[in-house]
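The structure under discussion appears below in the form of structure tokens.
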Amino acid sequence: MVPRSVLITAVVAAVVTVGALGGVASLRARDQAPRLEAGAPAMTPQSAAAECGDGPCRTVTTQTVNGAQVSLLADEQGANGRFQAGGQLVQTSITELGARVDASSLSCVAASVSACLVSAPLNGGRIGEVLVEQDGEWNSVDKPYFSGAGAIALNNITGTDAPEITVVESAPVLARVYTLAGAPAGCTKKYTYASQIRGWPNVRLTAADLRACP
């Protein structure tokens, strides 16, 4: 029979390990692509008058997607962010992680499959989350992207019916491109400086810039 003290030690070790793994998984490394959760529920419809933290929400910026307005809301400090589309309102994951949104934090691309990117500076880089419109409902990708070089972009690169996400890395300096579902779509060559990437700092790659990722 295994001594009781050994069993207690094993259980404690398992709990500590699970907790550590949860903390690491809370933010993806820059070279990991987020996935759109299968069967993820749409944003819960709520009142547009909902509060952002301890006070009323203010409109930080708006975009028009296929004739409909979407808005980025937050408190006075840019925290407690909300993405609003019609009657849908959801708290942004990047502000929960400490990022602060501003007027440049929302970019959207209208297509057969439309998407919006909410991004902001964080820890010397830039963090961003993607929201995708599917059958009239907006759903959030399950984990955010992080760029150590401080550049994340949403635009149509490959000519498909949906935009792609570009994430610029700092070591080595290159841009990785992902589909909205998180699948790799290609990478640029390695550069000496991020400023050499097409369109920097508003990165706008073309299909000709892409090749197999290292």
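Residue pairs that meet the side-chain hydrogen bond (donor to acceptor under 3.5 Å, both in side chains) test with at least one member in residues 202-214, sequence neighbours left out, are Arg198-Asp209, Thr206-Asp209.
Here the closest non-hydrogen pair linking Val70 and Cys108 is CG2-SG, 3.8 Å. Of all non-hydrogen atoms in Cys116 and Leu106, the two that sit nearest each other are CB-CD1, 4.1 Å. Across all non-hydrogen atoms, the minimal contact from Val173 to Tyr193 is CG1-C, 3.7 Å. Taking each heavy atom of Ala120 and Ala99 in turn, the nearest pair found is CB-CB, 3.8 Å. Of all non-hydrogen atoms in Leu180 and Ala162, the two that sit nearest each other are CD1-CB, 3.9 Å. Nearest heavy atoms, Pro144 versus Leu97: CG-CD1, 4.0 Å.
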List the steps, then state whether side-chain contact (heavy atoms from CB on, under 4.5 Å) holds for Ile152 with Val168. CA-CA 6 Å; Ile152 306 173; Val168 180; over 6 Å; no
Apply side-chain contact (heavy atoms from CB on, under 4.5 Å) to the pair Thr166 and Tyr145, showing each step before the final yes or no. CA-CA 10 Å; Thr166 302; Tyr145 294 91; over 6 Å; no
Phe83/Ser140 under side-chain contact (heavy atoms from CB on, under 4.5 Å): CA gap, chis, key distance, verdict: CA-CA 10 Å; Phe83 176 86; Ser140 179; over 6 Å; no
The test is side-chain hydrogen bond (donor to acceptor under 3.5 Å, both in side chains); show your working for Ser119 and Arg126 and say whether it passes. CA-CA 7 Å; Ser119 65; Arg126 195 167 185 89; 3.1 Å; yes
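Other residues, nucleotides and ligands contribute more than 12 heavy atoms inside 6.0 Å of the CG atom of Asp161.
Residue Arg82 forms a side-chain contact (heavy atoms from CB on, under 4.5 Å) with just one option from Val90, Thr95, Leu89, and that option is Leu89.
A distance of 5.0 Å separates CG of Asn80 from CG of Asp75, quoted to the nearest 0.5 Å. Atom CD of Gln88 and atom CG of Asn139 lie 7.5 Å apart (nearest 0.5 Å). Put simply, CG on Leu154 and OG on Ser114 are 10.0 Å apart, with the number rounded to the nearest 0.5 Å. A distance of 13.5 Å separates CG in Asp102 from CD in Gln77, rounded to the nearest 0.5 Å. Rounded to the nearest 0.5 Å, atoms CD (Gln63) and CG (Leu117) are 10.0 Å apart.
Contact annotation: the side chain of Val65 approaches that of Trp138 to within less than 4.5 Å [non-hydrogen atoms, C-beta and beyond]. Side-chain contact check for Lys190 versus Pro214: some heavy-atom pair is nearer than 4.5 Å.
A search for side-chain hydrogen bond (donor to acceptor under 3.5 Å, both in side chains) contacts involving Glu164 returns Thr158, Thr160, not counting sequence neighbours. By the side chain to side chain contact (heavy atoms under 4.5 Å, CB included) test, Ala74 is found to be paired with Val60, Val101, residues two or more places apart in sequence or in another chain being considered.
Without hydrogens or angle criteria, Ser71 side chain to Thr62 main chain gives no donor-acceptor distance under 3.5 Å. A donor-acceptor pair under 3.5 Å links the side-chain atoms of Gln196 to the main chain of Thr192, judged by distance alone. In this structure a side-chain-to-backbone donor-acceptor pair under 3.5 Å is missing from Arg176 to Leu174. One N or O on the side chain of Asn155 and one on the backbone of Val203 form a donor-acceptor pair closer than 3.5 Å.
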